[in-house]
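The structure appears below as structure tokens.
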There are 2 protein chains.
Amino acid sequence: MNEASEVVSQLQQELRRGVVVLAVLSQMDTASYGYSLIQRLAERGLEIEEGTLYPLMRRLEKQGLLASEWDTTETRPRKYYRLSPLGREVLAQLSAEWSGTVAVMNRLLGSENHE
Amino acid sequence: MNEASEVVSQLQQELRRGVVVLAVLSQMDTASYGYSLIQRLAERGLEIEEGTLYPLMRRLEKQGLLASEWDTTETRPRKYYRLSPLGREVLAQLSAEWSGTVAVMNRLLGSENHE
DNA sequence: TAAATATACTGTACGACGCACAGTATTGTC
DNA sequence: GACAATACTGTGCGTCGTACAGTATATTTA
């Protein structure tokens with residue numbers, strides 16, 4: 001196996017930490033259930049496994065950023081999540097943080113390319 | 001303490017995982033020693049503690065991405081690091097990965113703002 | 001009509017890394 | 001001489017995405 005690929009994929013995983021949370025929160029302005037969120041994120045370029053998303057949603061709810069309720073009127077019961085007021089606030093701050101991080105990285109990576 | 005701030009600072013830390021590695025690698029085209037690298041990164045907007053950077057440099061060397069040599073000709077001995085060929089390759093791939101991640105997040109966050 | 005696939009979710013252990021310290025040593029400044 | 005700056009080593013911890021294992025049932029396919 002290509003040595004660089006191994007290290008890169010490991011670091012890719014580290015890059016996703018935090019990013020996945022931000023991505024999920026950013027889609028919760030409208031209520032969503034897990035399975036459809038996975039599909040919507042995939043459409044927009046972010047692949048995430050069920051085994052990753054469901055625990056994450058539960059954790060975010062536990063942290064007070066999301067609120068959930070069951071919809072059992074359909075043939076299949078679905079757990080809908082939406083942003084809580086705290087979640088909305090955290091999302092705003094994280095988005096700003098993300099923008100700042102991107103700006104810094106552009107500066108660092110840009111200087112690397114120009115040197 | 002502001003509840004949102006707590007969660008945000010925790011997630012900020014998660015965002016830094018991977019990012020710090022990329023930032024450091026991006027500055028190693030020219031040989032650097034730890035203390036000066038901390039200062040250069042700070043000038044460019046990335047704050048990093050010595051207790052974070054020195055173990056990181058050692059880990060990156062262990063992973064074969066950096067190579068080091070001591071300069072003991074000055075009054076103070078300094079450990080200079082530079083990118084290895086593998087490190088150069090990993091940096092290129094991680095940079096591409098980062099660009100892709102930023103593009104995806106722009107799409108996700110942009111759609112959130114427009115909705 | 002039975003098998004396969006899709007839909008929808010719960011549960012849990014693990015590995016990796018930034019952090020937060022503690023610590024050492026010496027040079028340079030006041 | 002005291003303090004700050006410079007320059008580094010060492011180590012344990014908390015967090016989260018991942019990688020599974022698992023359950024259940026509706027829908028589609030052969």
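In what follows, chains carry the letters A, B, and so on, assigned in the order in which the sequence lines appear, proteins first and then strands, with residues in each chain numbered from 1.
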Nearest-nucleotide 5' precedence on DNA chain D, B:Gln39 against B:Pro55: B:Gln39
So, is [X] near the phosphate of [N], with a side-chain N or O under 4.0 Å from OP1 or OP2?
{"X": "A:Arg59", "N": "D:dC16", "value": "yes"}
{"X": "B:Thr52", "N": "C:dC19", "value": "yes"}
{"X": "A:Arg17", "N": "C:dC17", "value": "no"}
{"X": "B:Tyr33", "N": "D:dA7", "value": "yes"}

Residue met sooner reading DNA chain C from 5', once A:Glu50 and A:Glu14 are mapped to nucleotides: A:Glu50
5' priority, DNA chain C, between A:Ser36 and A:Leu11 [closest heavy atom]: A:Ser36
In whole Å, what is the span from the [atom1] atom of [X] to the [atom2] atom of [N]?
{"X": "A:Tyr54", "N": "C:dG11", "atom1": "OH", "atom2": "P", "value": "14 Å"}
{"X": "A:Arg76", "N": "D:dT27", "atom1": "CZ", "atom2": "C1'", "value": "7 Å"}
{"X": "A:Gln10", "N": "D:dC16", "atom1": "CD", "atom2": "C1'", "value": "15 Å"}
{"X": "A:Arg78", "N": "C:dT10", "atom1": "CZ", "atom2": "C1'", "value": "18 Å"}
{"X": "B:Met57", "N": "D:dA7", "atom1": "CE", "atom2": "P", "value": "13 Å"}
{"X": "B:Gln13", "N": "C:dA16", "atom1": "CD", "atom2": "P", "value": "18 Å"}
{"X": "A:Ile48", "N": "D:dA19", "atom1": "CD1", "atom2": "P", "value": "12 Å"}
{"X": "B:Leu60", "N": "C:dC17", "atom1": "CG", "atom2": "C1'", "value": "11 Å"}

Touch class at under 4.0 angstrom, heavy-atom based, for A:Gly34 against every strand present: sugar-phosphate
Exam field: side chain A:Ser99 to backbone A:Ser95, donor-acceptor pair closer than 3.5 Å: yes
A:Arg40 side chain to A:Ser32 side chain, donor-acceptor N/O pair below 3.5 angstrom: yes
Per A:Gln63 side chain, nearest of listed nucleotides D:dA5, D:dG17, D:dC16: D:dC16
Nearest listed nucleotide, side chain of A:Arg16, among C:dA6, D:dT11, D:dG17: D:dG17
Check: B:Arg58 side chain, D:dT9 base, donor-acceptor under 3.5 Å: no
Distance in Å, B:Thr72 OG1 paired with B:Glu74 CD, rounded so as to fall on 0.5 Å steps: 10.0 Å
NZ/NE/NH1/NH2 to OD/OE distance under 4.0 Å, B:Asp29 and B:Arg88: yes
side-chain contact (heavy atoms from CB on, under 4.5 Å) between B:Tyr81 and B:Leu37, worked out: CA-CA 10 Å; B:Tyr81 289 89; B:Leu37 181 59; over 6 Å; no
